[in-house]
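Lettering follows sequence order; numbering is per chain, from 1.
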There are 2 protein chains.
Amino acid sequence: MGRRVTLIDVARHAGVSRTTASYVITGTGRVSTATRERVQASIETLGYVYNEGAAALRRTGRTIGVIVPNIDRPFFGEVLSGVEATFTDSGYMALMVSTRDRLDQQARLVRMLREHQVAALAIVPATGSNHDLVDAIRSWDVPTVFLSRYVAGSTEPYVGSDEVRGGYLAADHLVRAHQCRSITYLGGPKHGVARIDRLEGVLRALAESGSDVKLVDLTSESTVEAGIRAGRELAAGGLPDGIICHNDSIAIGVARALFDAGHAGSTRIIGYDDIGPARASVPALTSVATSGRILGETAARALLAVISGAEPAVRSHLAEPRLIVRESCGDHI
Amino acid sequence: MGRRVTLIDVARHAGVSRTTASYVITGTGRVSTATRERVQASIETLGYVYNEGAAALRRTGRTIGVIVPNIDRPFFGEVLSGVEATFTDSGYMALMVSTRDRLDQQARLVRMLREHQVAALAIVPATGSNHDLVDAIRSWDVPTVFLSRYVAGSTEPYVGSDEVRGGYLAADHLVRAHQCRSITYLGGPKHGVARIDRLEGVLRALAESGSDVKLVDLTSESTVEAGIRAGRELAAGGLPDGIICHNDSIAIGVARALFDAGHAGSTRIIGYDDIGPARASVPALTSVATSGRILGETAARALLAVISGAEPAVRSHLAEPRLIVRESCGDHI
DNA sequence: TTGTACGCGTTATCAT
DNA sequence: ATGATAACGCGTACAA
């Protein structure tokens with residue numbers, strides 16, 4: 001195995017200084033077309049590969065940190081695909097890590113990313129994240145954006161969708177279009193900010209409706225299995241007129257459980273996020289679409305703008321969710 | 001903003017040399033307990049953070065490259081979660097990138113990862129990958145494992161599931177348990193290796209059955225929408241006795257389309273991968289389970305073993321798929 | 001335990 | 001307008 005080809009080798013081969021070779025590669029400096037071509041030819045023949053690590057020792061690196069609670073949840077998959085595509089298209093690479101929604105893991109991963117000198121950070125904070133996280137990031141002093149979830153009480157840059165509005169849309173549809181008089185909000189971690197905000201939107205819709213609607217709020221994990229379990233319990237204990245699920249996976253599980261219990265179509269179900277299978281399930285799932293991919297792209301672009309110096313600070317962005325009405329909210333009855 | 005705290009600062013503050021400070025951090029050298037504690041105290045008070053980038057200039061770095069075709073496809077999400085968890089638990093970080101299943105993107109990303117000096121590479125090659133990819137990786141000379149897909153004709157280390165066996169299981173079930181006499185294999189890119197291998201398994205099962213079974217093979221994208229379109233066409237053109245879908249998303253789409261066409265339950269559908277929603281769809285999806293998460297963990301562990309020097313070379317691994325029988329293959333009729 | 005060369009590209013400064 | 005010199009960034013590892 002031959003030694004690594006370095007910039008010195010290229011320079012020597014092209015009969016030029018290391019500096020000039022560097023200028024050719026980065027496109028930074030003033031170099032005549034003639035020498036530029038000589039250098040590029042040398043790079044080609046020697047098979048030189050740029051060493052990003054060495055370069056990052058001087059200038060700010062081209063690596064970005066991305067933290068999500070669960071890399072394999074469909075919605076975060078969408079978010080990540082947006083983040084990743086935007087970064088790699090701009091020549092940056094994303095160090096993506098998953099906290100499994102645990103604070104200790106998150107603290108550990110933040111530290112690891114810091115040790116890896118990432119140029120920026122996009123983070124979907126784990127449930128229960130508090131000022132410890134915000135302080136750690138602020139003392140670190142790296143461009144950061146909170147994605148899809150924010151930390152309660154903090155005013156850090158945030159890219160997400162309007163959860164209050166999402167809850168409102170779902171509840172409003174249930175009470176106004178379907179005259180629901182009892183609604184259950186199902187799923188999500190007890191103190192998750194998305195959950196709390198959506199419930200606020202739900203309450204607002206109920207208040208506006210003027211009618212007397214009973215609201216029950218239940219937590220669960222955000223999986224299909226948890227949805228099935230919850231659906232069984234609801235079927236056994238008496239169904240509400242409508243169920244707003246914390247995400248589509250839960251909703252699909254609930255629908256299945258009700259089907260098994262012989263209650264198919266006997267209540268209205270609304271999911272959240274509008275992931276792929278939502279439109280194809282039976283019944284097709286009414287869902288609040290949040291377009292995770294665009295969220296990811298937006299966050300990534302915001303960070304890139306700051307890194308490049310185009311913007312002085314990361315800008316927050318609140319996307320408008322849309323209610324996609326399908327069969328599961330009652331239109332199939 | 002104060003200057004970065006470096007190892008020199010720590011050393012000075014602890015009244016010791018840079019080398020000793022380094023030894024304390026890495027745990028490598030023999031340092032007396034007394035000085036170790038002094039150094040650790042200094043690290044604490046100064047708020048020193050290790051600089052992985054600088055360190056990687058000398059020793060091999062702790063960054064690993066991971067390439068998948070689509071970061072947001074459920075199956076790859078499972079794979080990635082296994083890869084990521086295993087690496088970060090061992091102190092490594094994964095640079096994860098998505099080729100969108102395009103060869104030009106893949107070539108570009110391989111180069112970028114190379115520039116980032118990753119210590120190892122796990123790659124799910126894009127459809128159509130050939131020896132250009134294998135050569136590029138070999139000349140690079142970094143520990144590599146092909147994950148879930150391999151390159152036709154190459155003998156590189158490979159961690160995946162036995163696709164031939166998977167195809168066999170699905171077809172065998174359709175012909176033996178359900179007496180199917182016409183089967184359609186639906187989905188996947190025309191020349192994808194998984195597709196070809198599974199078809200081989202299907203043919204083997206048909207041959208073993210002794211009976212005369214007609215096999216049709218159709219390609220499609222691997223999305224719910226593509227499944228819906230394909231299902232419509234099948235419904236219009238005459239249904240086979242059984243359909244083996246390239247993945248669960250397609251299967252869910254097909255089932256939905258047949259439902260819409262009034263053909264619910266009139267053929268048998270088998271999916272592939274057994275992702276979350278499979279068990280909850282209506283009808284519940286029979287599927288070939290491949291456990292992407294374990295595949296990811298296995299690949300990551302293989303790479304870690306080689307990096308650490310415990311193993312001389314990456315070892316291949318073929319996992320056994322399992323057929324999970326549910327309603328969609330005819331048990332609900 | 002420590003001194004010090006090393007790994008590799010960047011960039012401010014100097015020379016033509 | 002072009003190109004070169006040399007200091008810099010930060011931890012690692014070997015010789016002393």
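- Under the salt bridge (Lys or Arg N to Asp or Glu O under 4.0 Å) criterion, A/Arg4 pairs with no residue at all, not counting sequence neighbours.
- Helix bend of the helix from C/dT1-D/dA16 to C/dT16-D/dA1: the angle between its two end axes, each built from five pairs, comes to 40° after rounding to 10°.
- Sorted pairs that involve residues 29-78 of chain A and meet ring-ring contact (aromatic ring centres under 6.0 Å, His included), not counting sequence neighbours, are lacking altogether.
- Counting non-hydrogen atoms of neighbouring residues, nucleotides and ligands closer than 6.0 angstrom, the CD1 atom of B/Ile294 reaches no more than 12 such neighbours.
- For B/Arg38, the salt bridge (Lys or Arg N to Asp or Glu O under 4.0 Å) test picks out no residue, with sequence neighbours left out.
- From the 5' end on, the contacts that DNA chain C makes with chain B at under 4.0 Å to a non-hydrogen atom open and close at C/dT1 to C/dG7.
- Scanning for side-chain hydrogen bond (donor to acceptor under 3.5 Å, both in side chains) contacts around B/Ser161 gives an empty result, with sequence neighbours left out.
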List the atom pairs, donor and acceptor, that lie under 3.5 Å between side-chain atoms in residues 299-315 of chain B and the rest of the protein, sequence neighbours left out.
from: B/Ser308; atom 1: OG; to: B/Leu304; atom 2: O; distance (Å): 3.2
from: B/Ser308; atom 1: OG; to: B/Ala305; atom 2: O; distance (Å): 3.1
from: B/Ser308; atom 1: OG; to: B/Ala310; atom 2: N; distance (Å): 3.4
from: B/Glu311; atom 1: OE1; to: B/Arg315; atom 2: NH1; distance (Å): 3.2

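- OP1 or OP2 of D/dA4 lies within a sub-4.0 Å distance of a side-chain N or O belonging to A/Thr20.
- Listed by first and then second residue, the ring-ring contact (aromatic ring centres under 6.0 Å, His included) pairs that reach into residues 112-150 of chain B are B/Tyr150-B/Tyr158, sequence neighbours excluded.
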Letter per nucleotide, 5' to 3', of nucleotides 9-16 of chain D [B base touched, S only sugar-phosphate touched, - untouched; heavy atoms, 4.0 Å]: BBBBBB--
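- Every side-chain hydrogen bond (donor to acceptor under 3.5 Å, both in side chains) that B/Asp89 has, sequence neighbours left out, goes to A/Arg100.
- Among residues two or more places apart in sequence or in another chain, the salt bridge (Lys or Arg N to Asp or Glu O under 4.0 Å) test is passed with B/Arg111 by B/Glu115.
- Within the structure, side chain to side chain donor-acceptor pair (under 3.5 Å) pairs that include any residue of residues 61-78 of chain B do not occur (at least two apart or interchain).
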